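First the structure, in the form of structure tokens, and then the observations on it.
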Amino acid sequence: MSTKNIHVVIVLFSLIGIETINVQIQATPSEVILGQNSLQLRCSYTTVTGEFVTSANIQAKINGQFKTLATFYTPSVPFNATLSTDGKYLTNRVTLTNPTTFSTDSAIMQFSQIACEDKNEYMCEVSYAGSGGSTAATSGVTNISVKGNPEKPDSEPSYIPSAGIEEGNNVVFTCTGNVGKPQGKFRWVRYRYNSNGDTIQETPYESQNTTVVQMPGNCSFNGTSQLTLEMEQLDNNAVVRCQVIYQNVPQELYQQTNPIKVYYSVRNVQVTKSPIIPTFTEGAGPITLTCSSDGNPIIINTGYTWYKEFNTSVPLWTGPTYVINNVVVDKTDNYICVAQNSFNGRTFNMNNSIHIQIDFTTTTATTMTMTKMETTSTNHKTFSMKIEKESSTVVNSILIAVVAVLTVLQLGEIVGVYILHKKGIVQFKIGKKETVYADVNSDSTQIHVYSTMNSAEDSGNSDYNEIH
Ligand SMILES: *[C@@H]1O[C@H](CO)[C@@H](O)[C@H](O)[C@H]1NC(C)=O
Ligand SMILES: *[C@@H]1O[C@H](CO)[C@@H](O)[C@H](O)[C@H]1NC(C)=O
Ligand SMILES: *[C@@H]1O[C@H](CO)[C@@H](O)[C@H](O)[C@H]1NC(C)=O
Ligand SMILES: *[C@@H]1O[C@H](CO)[C@@H](O)[C@H](O)[C@H]1NC(C)=O
Ligand SMILES: *[C@@H]1O[C@H](CO)[C@@H](O)[C@H](O)[C@H]1NC(C)=O
Ligand SMILES: *[C@@H]1O[C@H](CO)[C@@H](O)[C@H](O)[C@H]1NC(C)=O
Ligand SMILES: *[C@@H]1O[C@H](CO)[C@@H](O)[C@H](O)[C@H]1NC(C)=O
């Protein structure tokens, strides 16, 4: 009771010399949830001797002024409680109960359903007769507040583009739904997967705007929020969740996308060999080369192609596994695996290689002597190297391995000669523009290198030859 009211009461007391009626209004509960039904407005009065109540009004503020919603009568008047014109909006939603005594009792308005407009300020006015004649007394004001519970978002977040998403694309996600009253909002959470397949929740996107419109038919809010994400490789199979935050508390109300497919070009091409040993010996068991890679779409079997580095114009094999069955020295090479995938009408390639070294079986050290000779003729320079082994050291038939690396400046672009010799078979590798051949006999190996300095470009690629 305010000081002003106390003064009024004191003035009344001093005028009529007695205590007077006490009127109160109470809402139980004072905060109600839309759609629920446990609300009671109770107007109570306590009279003093000589006073008797004839009627009570429950009032609410309509357009800024308190207006009577319903009138109740004590047994002194044989009328049922009724809704007034201003209270017609409550028809079928409230039950009115008259007080049964005119001294100390309550008029009750029981709600069977809560609507948005029930949020209001309420008061009670009691008409009574006393020693001062017929008059009225009012209660204080009580407030009813109405809340709307949020609901699960309308559907899984939609996103654009909805298909054919590539690494680097910006994707816009949209979420709508009832965020409640007072208005809540949405936040976004992205879940990715790590290499173990575990779900990783990222830091939620909390500050995305949620725009709201009041929902027709109730005072709850329909929110809309958008999130734009630039998709990365790690977002392949990620899930994006839209979650309701109501009164600053994240709710167990969310919807999330299905795993999102994000295309990315083939990468991480790895080539392994089995058995894992640095060098192989001629005649050893098969060598298995295996290629693996990452990409979306994943690389299918026919997306793997194998080449030998010395001739990449002819594929060796298609499939993730290539087996070198006949392990002979001339299979020594870099083996290249090219992996390929394609999406949205484009094809992507990535390759990696492994060096496979196959050596002769050497039973004894061979002593060799090398002799270099150089002659120049009109259009080419000849470089010769004679390699002789001491015949007394040959244990098996003929079994030698020779590696000669030439870094002779006069030869222009020759960077290396690679000679392997067994039983008259000689192989060698050489850079551009030179021709190399070898003479083989049981006791010596001669290599002739022609540097065709003045001749036309030859076929270009590194060469790999066999001489029988
Ligand atoms: C409010 O209305 C919307 C649709 O109009 C409905 O989805 C929602 O459940 C309603 N809320 C309450 C609390 O009745
Ligand atoms: C009061 O309501 C009851 C039941 O609804 C009805 O039977 C009775 O006639 C009504 N009395 C008056 C005075 O309207
Ligand atoms: C009731 O609501 C009115 C308007 O919103 C506000 O001015 C008043 O302070 C409230 N009273 C109480 C007791 O909460
Ligand atoms: C919210 O609004 C969107 C359109 O903006 C509508 O599709 C959706 O059904 C609405 N949701 C609710 C719960 O009313
Ligand atoms: C949210 O809306 C406010 C005001 O409209 C704007 O200033 C802000 O940039 C928006 N934030 C985002 C993340 O869109
Ligand atoms: C690669 O091998 C193919 C087939 O054996 C042959 O036609 C082609 O000339 C070779 N390319 C080179 C550069 O040696
Ligand atoms: C391997 O990749 C490199 C670099 O992209 C490319 O230059 C080369 O041609 C590729 N090799 C094959 C055999 O595809």
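Read the numbers this way: they start at 1 and go in the same order the structure lists the ligands and their atoms. The structure displayed is predicted, hence computed values, not measured ones.
Applying the 4.0 Å criterion to heavy atoms of Val314 picks out, from ligand 6, the atoms 1 (C), 2 (O), 3 (C), 4 (C). Counting the atoms of ligand 3 from 1 in the order shown, those under 4.0 Å from a heavy atom of Asn143 are 1 (C), 2 (O), 3 (C), 8 (C), 10 (C), 11 (N), 12 (C), 14 (O). Proximity to Ser313 (heavy-atom distance under 4.0 Å) selects the following atoms of ligand 6: 1 (C), 11 (N).
A distance-only check finds no donor-acceptor pair linking the side chain of Arg241 to the backbone of Val189 [under 3.5 Å]. Of the possible polar contacts, none joining the Ser225 side chain to the Cys175 backbone as a donor-acceptor pair under 3.5 Å is found.
When each of Thr135, Thr46, Thr20 is checked for a side-chain hydrogen bond (donor to acceptor under 3.5 Å, both in side chains) with Glu51, only Thr20 meets the rule.
Atoms CD and CZ, on Gln340 and Phe348 in that order, are 10.5 Å from each other to the nearest 0.5 Å. With rounding to the nearest 0.5 angstrom, the CG atom of Asn218 is 10.5 Å from the CD atom of Glu117.
For atom 9 (O) of ligand 3, the nearest protein heavy atom is 4.0 Å or more away.
For a threshold of 3.5 Å applied to N or O pairs, the pair formed by Thr224 and ligand 4 contains no separation below that value. Here's the thing with Glu151: none of its N/O atoms is less than 3.5 angstrom from an N/O atom of ligand 4.
Nearest heavy-atom pair across Pro182 and Lys147 is CD-CG, 4.1 Å.
When hydrogens are left out, the protein atom nearest atom 4 (C) of ligand 3 is Glu121 OE2, 3.4 Å; that is the closest non-hydrogen contact.
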